Amino acid sequence: MKKDSLIYVAGHSGLVGSAIIRKLRLDGYSNLLIAERNELDLINQEETLDFFKKYKPEYVFLSAAKVGGILANKMYPAEFIFENLMIELNIIQSAYLSGVKKLLFLGSSCIYPKFAEQPIKEESLLTGSLEPTNDAYAIAKIAGIKMCQAYAKQYGVNYISAMPTNLYGINDNFDLYNSHVLPAMIRKFHEAKIVNSESVTLWGTGSPFREFLFVDDLADACTFLLKNYDNPDIINVGTGKDISIKELAELIRKIIGFEGNINWDTSKPDGTPRKLLDVGKIHELGWRNRTDLETGIRLTYDWYIKHQAI
Ligand SMILES: NC(=O)c1ccc[n+]([C@@H]2O[C@H](COP(=O)([O-])OP(=O)(O)OC[C@H]3O[C@@H](n4cnc5c(N)ncnc54)[C@H](OP(=O)(O)O)[C@@H]3O)[C@@H](O)[C@H]2O)c1
């Protein structure tokens with residue numbers, strides 16, 4: 001990838017896409033291609049193909065997707081499977097037809113079986129049944145991986161797939177109904193602090209363990225993989241460390257400075273007890289994450305206060 005190569009970041013306004021744009025700009029890549037949704041709806045096959053044929057990007061980061069938390073995934077499975085499949089089909093086929101040199105597809109750790117052995121190795125893919133609450137989304141993501149592999153096999157193209165763990169950071173979604181656990185906690189503790197609330201209620205028992213990666217570290221991994229990884233086999237991207245939801249809540253409470261109590265609503269589900277990716281493969285290639293969890297949460301909270309907080 002040269003400094004003036006034309007690079008298309010699909011989903012540039014999202015959590016991941018905006019971090020990839022920041023990273024590329026920081027590294028001196030100046031020829032970046034983006035399109036707002038009102039100019040290019042990636043669900044539309046004709047519009048997507050026309051866009052690729054018109055601009056002929058050399059490299060593509062496929063970070064556009066319909067993404068949401070447990071509630072949204074449970075309520076709108078049809079939209080999750082349809083929109084994600086369409087975006088993948090349209091971008092991957094258009095990339096092939098317009099001669100893209102290399103494409104990075106972003107999957108997710110939810111593609112792995114619900115009861116996969118921990119930490120989860122890449123080889124666990126398709127060895128068991130999925131978590132039912134987001135299986136529509138996961139199936140669409142697995143289809144994206146298989147599509148990249150099929151195109152690599154039949155057409156000899158260089159399309160790779162990275163599987164990030166749970167992400168958080170600048171530009172996150174803090175909507176209480178549609179967000180992931182970490183930004184939702186930031187918002188709850190912040191709002192409780194502002195109104196001097198005595199307590200904050202969080203879902204579940206707090207006992208499950210989860211892994212969190214700062215999104216700018218993911219962006220760093222994405223550019224690293226685009227330069228250094230030429231294999232259609234999937235590759236995990238994470239920290240290799242997990243934390244209990246209870247410890248996470250305490251950490252966020254400390255960073256925000258909320259002094260009230262934390263109540264755990266144990267009538268709400270916990271989800272899988274542990275979800276940690278095995279990151280041995282990307283470590284072997286020479287990549288490691290840099291931002292520790294506390295620093296990443298502080299940066300995210302600063303951003304939230306400046307841009308979204310009440
Ligand atoms: N967030 C996580 O914790 C996480 C973890 C693992 C993997 N990932 C993966 O990373 C990728 C990006 O996730 P994210 O968290 O960055 O999501 P996000 O913040 O919701 O961003 C999604 C992006 O896709 C765009 N998009 C969606 N549908 C579109 C359409 N029909 N036409 C054009 N653009 C469309 C959105 O544009 P608008 O601004 O117009 O909506 C937005 O720019 C996904 O593949 C996801 O599976 C995310």
Side-chain angles (χ1 to χ4, degrees), residues 8-23 33-48 51-52 60-70 72-73 76 79-92 94 103-112 120 131 134 136-145 147-148 161-175 178-186 210-219 221-222 225 234-239 275-277 279 289 296 300 303 308:
Y8 171 45
V9 180
H12 69 283
S13 57
L15 173 68
V16 172
S18 59
I20 293 175
I21 295 268
R22 276 197 298 284
K23 173 68 183 156
L33 180 63
I34 56 170
E36 300 305 331
R37 196 189 293 220
N38 58 7
E39 301 165 87
L40 170 60
D41 183 352
L42 292 164
I43 288 171
N44 185 309
Q45 189 174 29
E46 202 180 334
E47 273 183 31
T48 310
F51 176 84
F52 273 80
V60 174
F61 290 91
L62 203 178
S63 54
K66 182 174 177 68
V67 178
I70 301 180
N73 269 279
Y76 310 111
E79 290 174 30
F80 276 86
I81 196 161
F82 173 75
E83 293 183 28
N84 284 305
L85 281 174
M86 288 303 284
I87 291 170
E88 293 159 11
L89 289 166
N90 291 341
I91 292 188
I92 296 168
S94 302
L103 176 146
L104 171 75
F105 170 64
L106 281 150
S108 160
S109 56
C110 71
I111 55 143
Y112 290 117
I120 310 172
E131 160 63 45
N134 60 8
Y137 178 74
I139 290 283
K141 288 283 162 193
I142 294 171
I145 295 167
M147 206 174 159
C148 288
S161 301
M163 299 307 118
T165 189
N166 302 304
L167 304 169
Y168 69 98
I170 291 155
N171 246 336
D172 219 327
N173 174 3
F174 293 88
D175 183 289
N178 196 21
S179 60
H180 293 116
V181 58
L182 195 153
M185 276 190 195
I186 290 183
R210 293 289 182 272
E211 179 186 13
F212 298 95
L213 178 69
F214 189 53
V215 72
D216 286 67
D217 284 355
L218 172 71
C222 288
L225 290 171
I234 60 173
I235 185 160
N236 290 340
V237 187
T239 63
K275 217 168 110 187
L276 177 66
L277 293 182
V279 285
N289 73 297
T300 308
W303 185 86
Q308 299 215 352

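Fair warning: this is a prediction, and the values are worked out from it, not measured in the lab. Values below: every heavy atom of this structure, side chains too, minus hydrogens, waters and symmetry copies. As the structure lists them, so they are numbered: ligands from 1, and atoms in each ligand from 1.
- Side-chain atoms of S18 do not come within 3.5 Å of backbone N or O of S13 as any donor-acceptor pair.
- Within the listing of ligand 1, atoms 7 (C), 8 (N), 9 (C), 47 (O) sit less than 4.0 angstrom from a heavy atom of G107.
- On a distance-only criterion, L106 and ligand 1 share at least one N/O pair closer than 3.5 Å.
- For atom 12 (C) of ligand 1, the nearest protein heavy atom (residue, atom name, distance) is S63 O, 3.2 Å.
- Looking at R37 next to ligand 1, an N or O pair under 3.5 Å apart turns up.
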Apply side chain to side chain contact (heavy atoms under 4.5 Å, CB included) to residues R210 and L182 and explain how you reach the verdict. CA-CA 10 Å; R210 293 289 182 272; L182 195 153; over 6 Å; no
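- Residue T165 places no N or O, backbone or side chain, under 3.5 Å from any N or O of ligand 1.
- An N or O contact shorter than 3.5 Å is missing between E83 and ligand 1 by distance.
- Looking at ligand 1, you'll find an N or O of K141 within less than 3.5 Å of one of its N or O atoms.
- The S13 neighbourhood of ligand 1 comprises atoms 37 (O), 38 (P), 39 (O), 42 (C), 43 (O), with distances under 4.0 Å to a heavy atom of that residue.
- Residue L15 places at least one N or O, backbone or side chain, under 3.5 Å from an N or O of ligand 1.
- Short contacts between ligand 1 and I43, defined as distances under 4.0 Å to a heavy atom of the residue, involve ligand atoms 31 (N).
- Judged as a ring pair (Phe, Tyr, Trp, His ring centres under 6.0 Å), and not counting sequence neighbours, Y76 has no contacts.
- Polar contact check, V67 against ligand 1: no nitrogen or oxygen pair lies under 3.5 Å apart.
- The shortest heavy-atom distance from N173 to ligand 1 is not under 4.0 Å.
- Of the polar atoms of A65, at least one N or O is found under 3.5 Å from an N or O of ligand 1, judged by distance alone.
- Which parts of ligand 1 touch I87 is read off a 4.0 Å heavy-atom cut-off, strictly below it: atoms 28 (N), 29 (C).
- Scanning all protein heavy atoms for the shortest distance to atom 34 (N) of ligand 1 gives L42 CD1, 3.8 Å.
- Listed by atom number, the atoms of ligand 1 under 4.0 Å from L40 heavy atoms are 32 (N), 33 (C).
- You'll find the side chain of S109 stays beyond 4.5 Å of the side chain of I120, heavy atoms only.
- Between G11 and ligand 1, a contact under 3.5 Å exists for at least one N or O pair.
- Distances below 4.0 Å separate heavy atoms of A64 from the following atoms of ligand 1: 24 (O).
- Side chains of W303 and I186 form no contact here, defined as non-hydrogen atoms less than 4.5 Å apart.
- The ligand atoms of ligand 1 that sit less than 4.0 angstrom from a heavy atom of Y137 are 46 (C), 47 (O).
- With N90 contributing its side chain and L42 its backbone, the two residues share a donor-acceptor pair below 3.5 Å.
- Judged by distance alone, with hydrogens and angles left aside, the side-chain atoms of N166 form no donor-acceptor pair with the main-chain N or O of F212 at under 3.5 Å.
- Between F214 and Y168, the distance from one ring center to the other falls under 6.0 angstrom.
- Here the heavy atom of the protein found nearest to atom 3 (O) of ligand 1 is L167 N, 3.0 Å.
- Residue contact check: G14 has heavy atoms under 4.0 Å from atoms 16 (O), 18 (P), 19 (O), 21 (O), 42 (C), 43 (O) of ligand 1.
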